[in-house]
Number of protein chains: 2
Amino acid sequence: MPELLDLHGRTSKALRALAEAAMQRHGLHLGQDHLLAALWERDGRTPGEIAAAVRVTTPAVVKMAGRMVTAGWITRRPDERDNRLVRLWLTDAGQALREPVEAARRQLEDQVTAGLTGDERAALLSALTKVHDTATALLTEPTASTDRDGPPLADR
Amino acid sequence: MPELLDLHGRTSKALRALAEAAMQRHGLHLGQDHLLAALWERDGRTPGEIAAAVRVTTPAVVKMAGRMVTAGWITRRPDERDNRLVRLWLTDAGQALREPVEAARRQLEDQVTAGLTGDERAALLSALTKVHDTATALLTEPTASTDRDGPPLADR
DNA sequence: GCGATGTCGTTAACCGGTTATCGTTCTGCT
DNA sequence: AGCAGAACGATAACCGGTTAACGACATCGC
């Protein structure tokens, strides 16, 4: 098992578990915070816009949004001018989640990086950015071993 | 959105998409290669043993194994001595996947780290190991903000 | 104005994950 | 031998993801 892929995967799983626990304290599933963050940034986005911002597919957003409408954090309304479009809007409860959820994410970031010096953190960000950019480029270019394009850019 | 968590998450999604594409060329879903790897290492393991080795839950292994039995890569047989136990065994087809799948993972590792110098790679592994160890420790210790223990160690 | 094409959300089916629950079997103690 | 507790896998329900397909609506070109 290749070293970086293994370590990155294990770290990802651990970080996700921590983030899941942190979000759960606010009644959220991991991932819902990303959808909310997109609306905190600009309320009234369409599922397609959110999907692009969060780097998932539209059906993923639609399904998640359905549960979040039920939970009372967002509402769904058709666009006034284009009947194909639906727009998602934060409720007061959804707005109220912003400060505690962002604080929880910041706290988690501080906790997991507490063991790094400033230089180590900078080197980690720099190297990880290179890996991310390389991986992203591989995803968007046709591969020599197949006839079809790679899958679309995946980001989370 | 905190910087390292965001970058790590985006990188994780990109790497997983690449790995998924690579596994798909062999008919595998991402994750199934981990289960196979556990059996390549020691054939005849129980779902619980595989779950522990791969750091997921037993139901996850049971469900995945069901599909892999159907696909013809593994078979399931009861243990000879303990009727509670089931053991999963590689088929010839499952064995035959080892070399190409391991080669694909190694190739992917080489590709995504191609942009790093030796020092950068070493620094990345070192810092990421620290983050992983910190996150893992946070997962296994009771948190001051809640009464219950954190979720079990998550690894993938 | 009309038809072809593009855009959008919705739905279904699939996937790997999780927790909770249950029935069966095993182990250890009396 | 009998019982209580532990261990195990199976199942259900839930979750966030994916791809494929479809109907409705909008846009574009003739």
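All chains are named by letter (A, B, ...) in the order of the sequence lines, taking the proteins before the strands, and each is independently numbered beginning at 1.
- Put simply, the side chain of A/T46 gets close to the backbone of A/E49: a donor and an acceptor are under 3.5 Å apart.
- Among D/dG9, C/dT18, D/dA20, the nucleotide with an atom closest to any side-chain atom of B/A60 is C/dT18.
- Mapping B/P47 and B/K63 onto DNA chain D by nearest heavy atom places B/P47 at the nucleotide closer to the 5' end.
- Residue pairs meeting the side-chain hydrogen bond (donor to acceptor under 3.5 Å, both in side chains) criterion with at least one member in residues 66-78 of chain A: none, sequence neighbours excluded.
- Closest to the A/V62 side chain, of the nucleotides C/dC8, C/dT10, D/dC8, is C/dT10.
- One interatomic measurement links the two molecules: CD of B/Q32 to P of C/dC15, which rounds to 8 Å at whole-angstrom precision.
- For residues 86-101 of chain B, the side-chain hydrogen bond (donor to acceptor under 3.5 Å, both in side chains) pairs, not counting sequence neighbours, are B/D79-B/R87, B/R98-B/E102.
- Residues passing the side chain to side chain contact (heavy atoms under 4.5 Å, CB included) test with B/A19 are B/L30, B/L108, sequence neighbours excluded.
- If you check D/dG9, C/dG9, D/dG16 against the side chain of B/T46, the one that comes closest is D/dG9.
- Contact annotation for B/V86: backbone-only contact, meaning every heavy-atom pair under 4.0 Å involves sugar-phosphate atoms and none involves a base.
- For C/dC8, the OP1/OP2 oxygens have no side-chain nitrogen or oxygen of A/T58 closer than 4.0 Å.
- Nucleotide D/dC14 holds its P atom 19 Å from the CG atom of A/L28, rounded to whole Å.
- Atom NE2 in B/H29 sits roughly 14 Å away from atom P in D/dT18 (whole-Å rounding).
- Protein atom CE of A/M64 is 6 Å distant from nucleotide atom C1' of D/dG16, rounded to whole Å.
- Annotation: side chain to side chain contact (heavy atoms under 4.5 Å, CB included) contacts of B/V101 (sequence neighbours excluded): B/M23, B/H26, B/L28, B/D33, B/W40, B/L97.
- Annotation: side chain to side chain contact (heavy atoms under 4.5 Å, CB included) contacts of A/A135 (sequence neighbours excluded): B/A14, B/L15, B/L18, B/V112.
- Going from atom NE2 of B/H34 over to atom C1' of C/dG16 covers 11 Å, rounded to whole Å.
- The CG atom of A/L30 sits 19 Å away from the P atom of C/dG16 (whole-angstrom rounding).
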Could you list the protein-to-nucleotides 26-28 of chain D atom pairs, N/O on both sides, closer than 3.5 Å?
| unit_1 | atom_1 | unit_2 | atom_2 | d |
| --- | --- | --- | --- | --- |
| D/dA26 | OP1 | A/N83 | N | 3.0 |
| D/dA26 | O4' | A/R84 | NE | 3.4 |

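- Taking atom CZ of residue B/R87 and atom P of nucleotide D/dC8, one finds them 10 Å apart after rounding to whole Å.
- Here the P atom of nucleotide C/dG16 and the CG atom of B/L36 are 11 Å apart, to the nearest Å.
- Side-chain heavy atoms closer than 4.5 Å link hydrophobic residues (I, L, V, M, F, W, Y) into clusters, and following such links, possibly through other members, connects B/I74 to B/V86.
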